[in-house]
Amino acid sequence: MYAIIQSGSKQYRVKKGDRISIDLLDQSEGTITFSGEDVLFLYDGHSYVTGLPGIANARVTAKILGPVQGPKVVSFRYRRRKDSKRTVGHRQQYQEIEIEDIQL
């Protein structure tokens, strides 16, 4: 059984036991429930249910594991013959969650 959920403006394909990194949430610990408009698709092995845009009675429960950092992105700007160069680095903050249950 798997589901497609929406968190923020991104969609994720999840099944029970998956660990995914989503955009940073206000909540730092505990559980989070995706329901209603956030659950877009469910497949249980035999049949599937799609939502318009979400499935009203479907719920996906996840445990919040904590904040994590994404890979480092380096931006390097260089202007030839001007003695000008600049290096800027960035690491995006994410929230790691583990899917506990999918219900229809």
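When reading the values below, keep in mind they use all heavy atoms of this one structure, side chains included, and skip hydrogens, waters and symmetry mates.
- Taken from CG in Leu52 to CD in Glu37, the straight-line distance is 10.5 Å, to the nearest 0.5 Å.
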When the side chains of residues 63-86 are checked against the rest of the protein, which donor-acceptor pairs come out under 3.5 Å, sequence neighbours left out?
{"residue": "Gln69", "atom": "OE1", "partner": "Arg91", "partner atom": "NH1", "Å": "3.2"}
{"residue": "Arg79", "atom": "NH1", "partner": "Ser84", "partner atom": "OG", "Å": "3.3"}

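- Taken together through direct or relayed side-chain contacts under 4.5 Å among Ile, Leu, Val, Met, Phe, Trp and Tyr, Tyr48 and Ile4 form part of one hydrophobic cluster.
- Between atom OG of residue Ser35 and atom CG of residue Asn57 there is a gap of 10.5 Å, rounded to the nearest 0.5 Å.
- Ring geometry for Phe41 versus Tyr2: interplanar angle of 30 to 60°, hence tilted.
- Side-chain N or O atoms of Tyr12 include none that pairs as donor or acceptor with a backbone N or O of Val14 at under 3.5 Å.
- Note: Ile20 CD1 to Lys10 NZ = 11.5 Å, rounded to the nearest 0.5 Å.
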Can you give the donor-acceptor pairs under 3.5 Å from side chains of residues 92-104 to other protein atoms, not counting sequence neighbours?
{"residue": "Gln92", "atom": "OE1", "partner": "His90", "partner atom": "NE2", "Å": "3.2"}
{"residue": "Gln95", "atom": "NE2", "partner": "Gln27", "partner atom": "O", "Å": "3.1"}
{"residue": "Asp101", "atom": "OD2", "partner": "Gln103", "partner atom": "NE2", "Å": "2.7"}
{"residue": "Gln103", "atom": "OE1", "partner": "Arg59", "partner atom": "NH2", "Å": "3.0"}

Given side-chain contact (heavy atoms from CB on, under 4.5 Å), test Leu40 with Ile55 step by step and report yes or no. CA-CA 6 Å; Leu40 306 175; Ile55 303 170; over 6 Å; no
Step-by-step side-chain contact (heavy atoms from CB on, under 4.5 Å) determination, Ile5 to Val60: CA-CA 8 Å; Ile5 62 171; Val60 176; 3.8 Å; yes
